[in-house]
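A quick write-up on the structure given underneath.
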Amino acid sequence: MTTTHVGCCPLDCPDTCSWLLDVDDGRVVGIRGNRDQPFTAGALCGKVNRYLDHLDGERLLYPQVRVGAKGEGRFVRVSWDEALDRAAAGLRRVIDEHGAEAILPFFFAGSMGMIQAFGLPQRLLYALGTSRLDTTICTAAWRAAATATIGGQLAIDPEALPASRLIVIWGANPLSTGLHVWKYVLAAREQGAHVVCIDPLRSATAERCDEHIAPHPGTDAALALALMRVVRDAGAADVEWLTAHATGWPQLERRLDDWPVARAAEICRLDAGPIQALGERLAATRPSTVMVGLGLQRHGGAGAAVRAIMSIPAVTGDWRHLGGGVAGMCGDHFPGMSAYRGAKEAGVVYPRTRTVNMSRLGHALHDLADPPVRGLIVFNANPAATSPDQRRVRAGLARDDVFTVVIEQRQTDTADYADVLLPATMQPEHADLHDAYGHLYLSWNEPAVPAPGECLPNSEILRRLVARLGFDHPALQISDLAFAEELVAQAGIELAPLRERGFVRIGPPAGAAPFADGGFPTPSGRVELYSETLERAGHDPLPTYVEPYEATDDVLAERLGLVLLAPAGRFFLNSTFAQLDWHRSKTGPPTIFLHPDDAAARGLADGEAVRCYNDRGDWQGLLAVTNATRPGVCFTLKTQWPKLMAGGENVNACTPERDTDLGGGPTFHDNRVEVCALRVA
Ligand SMILES: Nc1nc2c(c(=O)[nH]1)N[C@H]1C(S)=C(S)[C@@H](COP(=O)(O)OP(=O)(O)OC[C@H]3O[C@@H](n4cnc5c(=O)[nH]c(N)nc54)[C@H](O)[C@@H]3O)O[C@H]1N2
Ligand SMILES: Nc1nc2c(c(=O)[nH]1)N[C@H]1C(S)=C(S)[C@@H](COP(=O)(O)OP(=O)(O)OC[C@H]3O[C@@H](n4cnc5c(=O)[nH]c(N)nc54)[C@H](O)[C@@H]3O)O[C@H]1N2
Ligand SMILES: [Mo]
């Protein structure tokens with residue numbers, strides 16, 4: 001008999017879909033989007049429609065220990081007891097020699113919930129006194145800029161978007177990366193909204209917008225400043241709202257003297273006409289919305305760019321209106337739930353330790369001292385494929401003096417470096433509680449089937465591991481369900497009905513503009529166009545343009561003539577799915593896309609095997625000639641499995657390990673390269 005179970009998609013995507021699993025005889029036989037949850041509205045994306053390929057694909061099923069060299073991928077099966085004993089002994093040696101701070105937990109959003117990713121694992125591991133991880137790899141510049149400007153990741157409810165009459169999709173490609181928001185964009189458009197995409201590439205989204213503006217990468221802040229200048233000059237700044245609900249309009253108004261359209265046009269390598277026209281549209285259209293993506297914030301000046309863009313709806317007064325303001329990351333509307341509270345109340349002490357920036361993993365593994373990193377516990381992440389400066393990261397992972405435990409679902413490049421490799425369950429096999437970064441539903445994922453082989457959830461593996469290290473306090477042995485109860489109780493939510501239904505809407509009420517009358521959770525309670533916090537930290541207190549490192553470096557450009565962007569592809573999720581036949585065939589082979597002028601200048605032909613290189617490294621792919629990019633800008637898709645590529649490295653062999661201006665984020669797209677034929681390489 002087939003039974004249906006409600007759960008949710010665990011992947012790192014703004015949409016956190018509510019899904020229904022059909023289960024027959026202990027196996028998942030069907031998967032579909034839940035019609036009852038309004039944002040999911042019965043649809044999953046293409047890659048997750050094929051999630052069962054992933055669930056049934058080559059899984060790690062048993063604990064293993066390494067027998068070959070690090071990176072070689074040779075392991076033998078052992079019992080859970082032996083694996084955990086070995087893991088604990090290795091970590092114990094690190095603690096005895098260097099202290100627990102020499103252990104670095106390294107995790108991200110392979111699964112996103114509070115039980116298996118962000119919450120319970122840190123409650124358990126940080127009690128040991130390990131280093132803490134600054135989880136910067138994805139959204140750090142966005143987060144820092146949003147915190148300084150509007151008080152957090154507080155974008156509007158996407159379900160309010162149909163009320164907008166001008167939607168500017170800026171550095172995001174939602175049709176590939178979070179498609180459920182698109183129905184609201186279309187609903188707005190049916191009521192007359194104009195939709196603009198700002199992206200150096202003609203992405204799938206740009207293709208379907210009314211207008212596409214393609215600035216040179218890393219120059220968005222200049223564009224945003226010029227747009228505000230046009231709004232000001234049109235007399236359309238909402239001075240009444242600004243005076244009541246923003247800081248620093250008089251100063252910004254003066255600053256805009258420096259930003260005539262011609263200056264932005266030169267920096268962004270655009271014609272002045274479309275900038276002027278978009279500024280006039282912003283001046284004339286209420287409500288308007290800027291949807292701020294994550295692709296634009298992987299550059300040296302990304303914090304400044306996000307901040308300048310987020311200032312626009314304050315200047316136009318768009319926060320007054322339903323559907324107006326900033327769209328994008330909205331995770332801070334979820335009620336705060338502290339993973340540590342119950343443990344602290346029960347007497348667990350959390351030592352104060354250093355924080356390590358995950359985007360600087362190469363640096364952490366090679367250069368950190370007092371103490372050095374000598375133990376690594378990796379889960380929900382595949383840094384050998386996804387971290388910048390891949391060669392340095394892999395050399396760090398290959399160090400014999402770094403004891404490494406990897407908890408994984410499959411034999412990734414990172415898993416190949418493990419000393420002890422532990423098999424993790426997948427979403428249909430474990431419980432989890434999920435907030436979201438692109439909508440306002442809290443989701444529950446109920447386990448639907450037994451785990452295959454000897455797989456265990458991260459939570460159970462870590463409970464056993466910390467207990468083996470002597471941390472067996474009851475608050476660190478809390479069950480998954482008790483932990484979830486504890487969290488939702490902090491937000492005044494009951495777990496039982498949530499388990500039953502699978503989701504509950506939280507945050508500001510639907511149908512109202514949450515900041516119409518101000519009330520931003522910044523120090524001043526206003527939109528901080530002038531930020532004293534940034535000023536104290538040594539940054540420009542006003543919206544400004546910060547030049548990227550490489551994208552606009554004309555000297556470097558003489559040697560490395562192309563800026564390389566590596567945004568998301570439709571059928572992989574970072575490196576997840578990148579080992580599956582169907583997903584690989586939909587994605588196509590690793591490809592580098594070049595403008596016809598750039599291909600001709602290098603004597604390269606469509607379909608030819610090429611090498612893409614810079615001073616950090618190189619990787620191989622096929623060349624595709626396309627006018628979907630501008631001259632001087634090439635692109636590929638993140639993130640293939642390096643070991644499945646010719647040459648054994650992916651695009652991150654070239655990307656830099658260098659921080660954004662705000663937040664310490666990575667600068668994957670601020671990356672100059674050259675491309676040559678493989679035959680002459
Ligand atoms: N199918 C699929 N979905 C995903 C993912 C995936 O890998 N596959 N990844 C998930 C994750 S982890 C994330 S963080 C999100 C990211 O989702 P998005 O926010 O959509 O980000 P990206 O796809 O990285 O980049 C979006 C666009 O930004 C553009 N861009 C790059 N540099 C600049 C710039 O300087 N200025 C401007 N204006 N645009 C620029 C790129 O060309 C790209 O088209 O998607 C999530 N969803
Ligand atoms: N060049 C370039 N590189 C990029 C980016 C880019 O735009 N360009 N984007 C960056 C961004 S936005 C991000 S978010 C990072 C993401 O980088 P990663 O966090 O490394 O993401 P994934 O590649 O999806 O790897 C997640 C891994 O977690 C495993 N996993 C999933 N669920 C579980 C679980 O429950 N337990 C355990 N133990 N393991 C699990 C999966 O099998 C998978 O191998 O990549 C970054 N890398
Ligand atoms: Mo991400």
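Remember, it's 1-based here, ligands and their atoms both numbered in the order they're listed.
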* To do: Check whether any heavy atom of G178 sits under 4.0 Å from an atom of ligand 1.
  =>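 So G178 does not count as touching ligand 1.
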* Asked: Does H216 have a non-hydrogen atom less than 4.0 Å from ligand 1?
  ->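 No heavy atom of H216 comes that close to ligand 1.
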Give me the residue, atom name and distance of the protein heavy atom closest to [atom].
atom: atom 23 (O) of ligand 2; value: S575 OG, 2.5 Å
atom: atom 1 (N) of ligand 2; value: N652 OD1, 2.8 Å
atom: atom 8 (N) of ligand 2; value: A566 O, 3.0 Å

Between ligand 2 and [X], is the shortest N or O to N or O distance under 3.5 Å?
X: Q116; result: no
X: I137; result: no
X: Q409; result: yes

* **Part of A109 with heavy atoms under 4.0 Å of ligand 1, whether side chain, backbone, both or neither** =>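 No part of A109 comes within reach of ligand 1.
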* Report the part of W170 (side chain from C-beta onward, or backbone N, CA, C, O) that has a heavy atom under 4.0 Å from ligand 1; answer both or neither where that applies. =>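 For W170, only side-chain atoms sit under 4.0 Å from ligand 1.
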Region of [X] engaging ligand 2 - heavy atom pairs below 4.0 Å:
X: T386; value: both
X: I407; value: both
X: D12; value: side chain
X: S111; value: both

* Asked: Any idea how H439 and F39 line up, ring-wise: parallel (<30°), tilted (30 to 60°), or perpendicular (>60°)?
  -> tilted
* Once the angle between the rings of Y51 and W19 is folded into 0 to 90°, is it parallel (under 30°), tilted (30 to 60°) or perpendicular (over 60°)? ->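 Judged by the thresholds at 30° and 60°, the geometry between Y51 and W19 is tilted.
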Looking at non-hydrogen atoms alone, which of [options] comes nearest to [atom]?
atom: atom 42 (O) of ligand 2; options: R410, E408, Q427; result: E408
atom: atom 6 (C) of ligand 1; options: F635, Y437, F572; result: F572
atom: atom 19 (O) of ligand 2; options: F668, F577, F108; result: F108
atom: atom 28 (O) of ligand 2; options: T655, N380, N382; result: N380

* To do: Verify the distance criterion only: is there a donor paired with an acceptor across the side chains of S111 and N380 at less than 3.5 Å?
  =>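 No, no side-chain donor-acceptor pair sits under 3.5 Å.
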* Asked: Going by heavy atoms, is H430 under 4.0 Å from ligand 2?
  ->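 It does, in that a heavy atom of H430 comes within the 4.0 Å cut-off of ligand 2.
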* Heavy-atom contact under 4.0 Å between T639 and ligand 2? -> no
* Which of these, L223, V292, V326, D199, sits in a side-chain contact (heavy atoms from CB on, under 4.5 Å) with W170? ->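 When side-chain contact (heavy atoms from CB on, under 4.5 Å) is applied between W170 and each of L223, V292, V326, D199, only L223 qualifies.
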* **Min N/O separation S203 to ligand 1 under 3.5 Å** => no
* Could you list which atoms of ligand 2 come closer than 4.0 Å to a heavy atom of R298? => 7 (O), 12 (S)
